[in-house]
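I have placed the structure first, in the form of structure tokens, so that the comments after it can refer back to it.
Just so it is clear, the values below take in all heavy atoms, side chains as well, and ignore hydrogens, waters and symmetry mates. Values in this document were obtained by computation on a predicted structure and should not be read as measured data.
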Amino acid sequence: MKKSIITIITVVCCLATIGCGRSDKAVSVTDAGEVVEVQQSQLEEALSAGNLKQASVMADSMSLFVDDFTPEQTVQVLTAFVSIHNDASKRRETRRDLETLRKYVDVYDIALSVNPKDTRAAFKKAMSRNPELDFDSIAKTFREKLNQYDSMQDGSLVGAKPAESDTVAKTDSSAAAPKGLPLELRPAE
């Protein structure tokens, strides 16, 4: 009797595994959209509660689906990355800041390549609510910081001492270049 129950459970588990493995593209796109929507509400909750650690996790996870973002989701993720950057700068967490800059630039570039017209409209709408959220100038500033960091690491920028910047909202767009980060921690180009 025990053997037959174990056999039945094994067969049911195998069939369930096989059934889960099968999926068509329409189902996976729907699932990705549902995942992003759930994560979006979790990101909203984390940001409104000031839980930047959870917001960072949610924004990172959502950024895997940037091709499926609505323009509003793009704005939300980019806004989260700006908040995370500001916090990392304030705490002088260079590695976390560099990772955040890279993620911001990647999401920004992909979102604009997928849906430039609607994404720019969402940027404009967000900026009308919060003038400090000029996503284009923030992306430019972040690129400059990443380039400056790369230049410091490869030795092409010798003797230049950049001014320090705590947040994106400041007018000075250069930041102190981190020193001594191992090669594997450098942001990708």
Once rounded to the nearest 0.5 Å, what's the spacing between atom [atom1] of [X] and atom [atom2] of [Y]?
X    : Y    : atom1 : atom2 : value
D118 : E72  : CG    : CD    : 8.5 Å
L47  : L43  : CG    : CG    : 4.5 Å
F135 : T74  : CZ    : OG1   : 9.5 Å
L101 : S89  : CG    : OG    : 7.0 Å
T79  : L133 : OG1   : CG    : 4.5 Å

Checklist entry - Passes side-chain contact (heavy atoms from CB on, under 4.5 Å), Q73 versus T70? Steps please. => result CA-CA 5 Å; Q73 290 167 334; T70 64; 3.2 Å; yes
Checklist entry - Once the angle between the rings of Y104 and F142 is folded into 0 to 90°, is it parallel (under 30°), tilted (30 to 60°) or perpendicular (over 60°)? => result perpendicular
Checklist outcome for this item: When every non-hydrogen atom of Y108 is compared with those of L78, the smallest separation belongs to N-CD2, 4.0 Å
Next on the checklist: Working note: Q42 + M62, criterion side-chain contact (heavy atoms from CB on, under 4.5 Å); need CA distance, chi angles, decisive distance, verdict.
Outcome noted: CA-CA 10 Å; Q42 292 172 344; M62 285 178 71; over 6 Å; no
Any heavy-atom pair between the side chains of [Y] and [X] that's under 4.5 Å?
X    : Y    : result
R120 : K125 : no
S63  : D106 : no
R96  : D87  : yes
F123 : L112 : yes
Y149 : L146 : no

Under 3.5 Å, which donor-acceptor pairs link side chains of residues 52-61 to any protein atom two or more places apart or in another chain?
{"from": "D60", "atom 1": "OD1", "to": "K103", "atom 2": "NZ", "distance (Å)": "3.0"}
{"from": "D60", "atom 1": "OD2", "to": "K103", "atom 2": "NZ", "distance (Å)": "2.9"}
{"from": "S61", "atom 1": "OG", "to": "Q39", "atom 2": "NE2", "distance (Å)": "2.5"}

Next on the checklist: Under a 3.5 Å distance rule, please check whether S113 uses its side chain to pair with a backbone N or O of I110 as donor and acceptor.
Outcome noted: yes
Next on the checklist: What I want to find out is whether D109 reaches R143 closely enough, with some N-O distance under 4.0 Å, to be called a salt bridge.
Outcome noted: yes
Checklist entry - With a 4.0 Å cut-off, would you call R91 and D97 a salt bridge? => result no
Checklist entry - Are V114 and V105 co-members of a hydrophobic cluster defined by side-chain heavy atoms under 4.5 Å apart? => result yes
